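FYI, side chains are in, hydrogens and waters are out, and symmetry mates aren't considered; it's all heavy atoms of this structure. A quick note: this is a predicted structure, and the numbers were derived from the prediction, not measured.
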Amino acid sequence: TNKDAITVSGSADPGSTVQIFVANVLVSEVAASKTTGEFSTPSKVSLSGGINRITALALDSVGNKGEMSEPLDVQLDKIPPVTIVENMPKGWQKESVTVNLKAIDEEGGSGVFLTYYTTDGSVPTTASMKYVQGIELSEDGVYLLKFFSQDKAGNIESVKQAADFIRIDKTVPTLRINAVSYTHLT
């Protein structure tokens, strides 16, 4: 997640008291519904950077403690990924070009989710082309590559653009002789 605080919810025995722990520190106590056993923390539970291990423990009305819940690891990641262009061609190209994008999330981050791009200079959105493997440009023309990546926590980097235009001209020049003139030498 990229949120500093979250709501913890679940279910326990109806009417029990649920204690919520983050990294083995008690952070909240809430009553489970007397009819359904469902509970939700009334206020947000704060997270710190990195992995936050959340566990819960149920207590009944006479003080019996249940077993500690299975841990739920929640990762706080507030840093967007960074995307770079690899093998960017320089100048005019006379063959098709494949350009690669490489997105990197910070160490310990949630990981890259998707990279989006356009080749016509328009600003990409999450509805734009999704980068999978190499952007192949095969038609004659001038392309301006713009792109951004999003990580699994929902952080989105600012739109970037390639350092230069990608130019392709595969058309062979043509030549036609329309007339021949000559001079007679004596």
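- Side-chain N/O atoms of Ser138 and Ser96 include no donor and acceptor closer than 3.5 Å.
- To the nearest 0.5 Å, the span separating NZ on Lys152 from CG on Leu114 amounts to 10.0 Å.
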Exercise for the section: Kindly determine whether Gln19 and Leu59 satisfy side-chain contact (heavy atoms from CB on, under 4.5 Å), including the steps that lead there. Expected result: CA-CA 8 Å; Gln19 295 179 330; Leu59 304 164; 3.6 Å; yes

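- Closest approach of Thr41 and Ser28 over heavy atoms only: CG2-OG, 3.7 Å.
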request  = Report the C-alpha separation of Thr126 and Gln150 in whole Å, then their side-chain angles, then the decisive distance to 0.1 Å, and conclude whether the side-chain contact (heavy atoms from CB on, under 4.5 Å) test is met.
outcome  = CA-CA 9 Å; Thr126 55; Gln150 179 178 4; 4.2 Å; yes

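- Residues Leu57 and Phe21 have side chains in contact (heavy-atom distance under 4.5 Å, counting atoms from C-beta outward).
- Contact check for Pro124 versus Lys146: side-chain heavy atoms found under the 4.5 Å cut-off.
- Considering all non-hydrogen atoms of both residues, Ser11 and Phe39 come closest at N-CE2, 3.3 Å.
- We find the CD-OG distance between Glu157 and Ser149 to be 5.0 Å, quoted to the nearest 0.5 Å.
- In this structure, Tyr117 is a member of the same hydrophobic cluster as Ile166, with clusters built from ILVMFWY side-chain heavy atoms closer than 4.5 Å.
- In this structure, Val97 is a member of the same hydrophobic cluster as Ile135, with clusters built from ILVMFWY side-chain heavy atoms closer than 4.5 Å.
- Considering all non-hydrogen atoms of both residues, Met88 and Asp164 come closest at CE-O, 2.9 Å.
- Closest of all the heavy-atom pairs between Thr115 and Ala103 is OG1-CB, 3.7 Å.
- Enclosure of atom CD in Glu86 by more than 12 non-hydrogen atoms of other residues, nucleotides or ligands within 6.0 angstrom is indicated.
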Practice prompt. Take Phe147 and Thr119, measure what side-chain contact (heavy atoms from CB on, under 4.5 Å) needs, and give me the verdict at the end.
Written response: CA-CA 9 Å; Phe147 52 91; Thr119 58; over 6 Å; no

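- A donor-acceptor pair under 3.5 Å is formed between the side chain of Asn87 and the backbone N or O of Asn100.
- Counting only heavy atoms from C-beta outward, the side chains of Val112 and Ile104 never approach each other to under 4.5 Å.
- Considering Ile54, Val74, Thr55 in turn, Ile54 is the only one that fulfils the side chain to side chain contact (heavy atoms under 4.5 Å, CB included) rule with Val22.
- Here NZ of Lys90 is found 11.0 Å from CZ of Arg167. Values are rounded to the nearest 0.5 Å.
- When the side chains of ILVMFWY residues are joined at heavy-atom separations under 4.5 Å, either directly or via intervening members, Ile156 and Phe113 end up in a single hydrophobic cluster.
- Using a distance-only test at 3.5 Å, with no hydrogens or angles considered, a donor-acceptor pair links the side chain of Asp105 to the main chain of Gly111.
- Between Asn178 and Arg176 there is a side-chain heavy-atom pair separated by less than 4.5 Å.
- Between Tyr116 and Tyr131, the distance separating the two ring centers is not shorter than 6.0 angstrom.
- More than 12 non-hydrogen atoms from other residues, nucleotides or ligands lie less than 6.0 angstrom from CG of Asp73.
- Taking a cutoff of 4.0 Å between a charged side-chain nitrogen and a carboxylate oxygen, Asp140 and Lys170 do not qualify as a salt bridge.
- More than 12 heavy atoms of other residues, nucleotides or ligands sit less than 6.0 Å from atom OH of Tyr143.
- Between Met129 and Thr118 there is no side-chain heavy-atom pair separated by less than 4.5 Å.
- Linking ILVMFWY side-chain heavy atoms closer than 4.5 Å, directly or via other members, places Leu144 and Leu137 in two distinct hydrophobic clusters.
- Between the Asn52 side chain and the Gly50 main chain, a donor and an acceptor come within less than 3.5 Å of each other.
- In terms of hydrophobic clustering, with Ile, Leu, Val, Met, Phe, Trp and Tyr side chains grouped at heavy-atom distances under 4.5 Å, Leu26 and Val18 are assigned to different clusters.
- Between Asp4 and Lys44 there is no salt bridge, since no side-chain N of the basic residue sits under 4.0 Å from a carboxylate O of the acidic one.
- Of all non-hydrogen atoms in Thr7 and Ser40, the two that sit nearest each other are CG2-OG, 3.1 Å.
- Side-chain atoms of Asp77 come within 3.5 Å of backbone N or O of Ile79 as a donor-acceptor pair.
- Put simply, the side chain of Glu29 does not reach to within 4.5 Å of the side chain of Ile20, judged on heavy atoms.
- The nearest pair of heavy atoms linking Ser110 to Asp151 is OG-CG, 3.5 Å.
- The closest donor-acceptor contact from the side chain of Ser128 to the backbone of Thr125 lies under 3.5 Å.
- With Lys160 contributing its side chain and Thr83 its backbone, the two residues share a donor-acceptor pair below 3.5 Å.
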When you look at Leu101 and Ile84, which way does the side-chain contact (heavy atoms from CB on, under 4.5 Å) test go after all the steps? CA-CA 6 Å; Leu101 298 175; Ile84 59 171; over 6 Å; no

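- Looking only at side-chain heavy atoms (C-beta outward), Leu47 and Ile6 come within less than 4.5 Å of each other.
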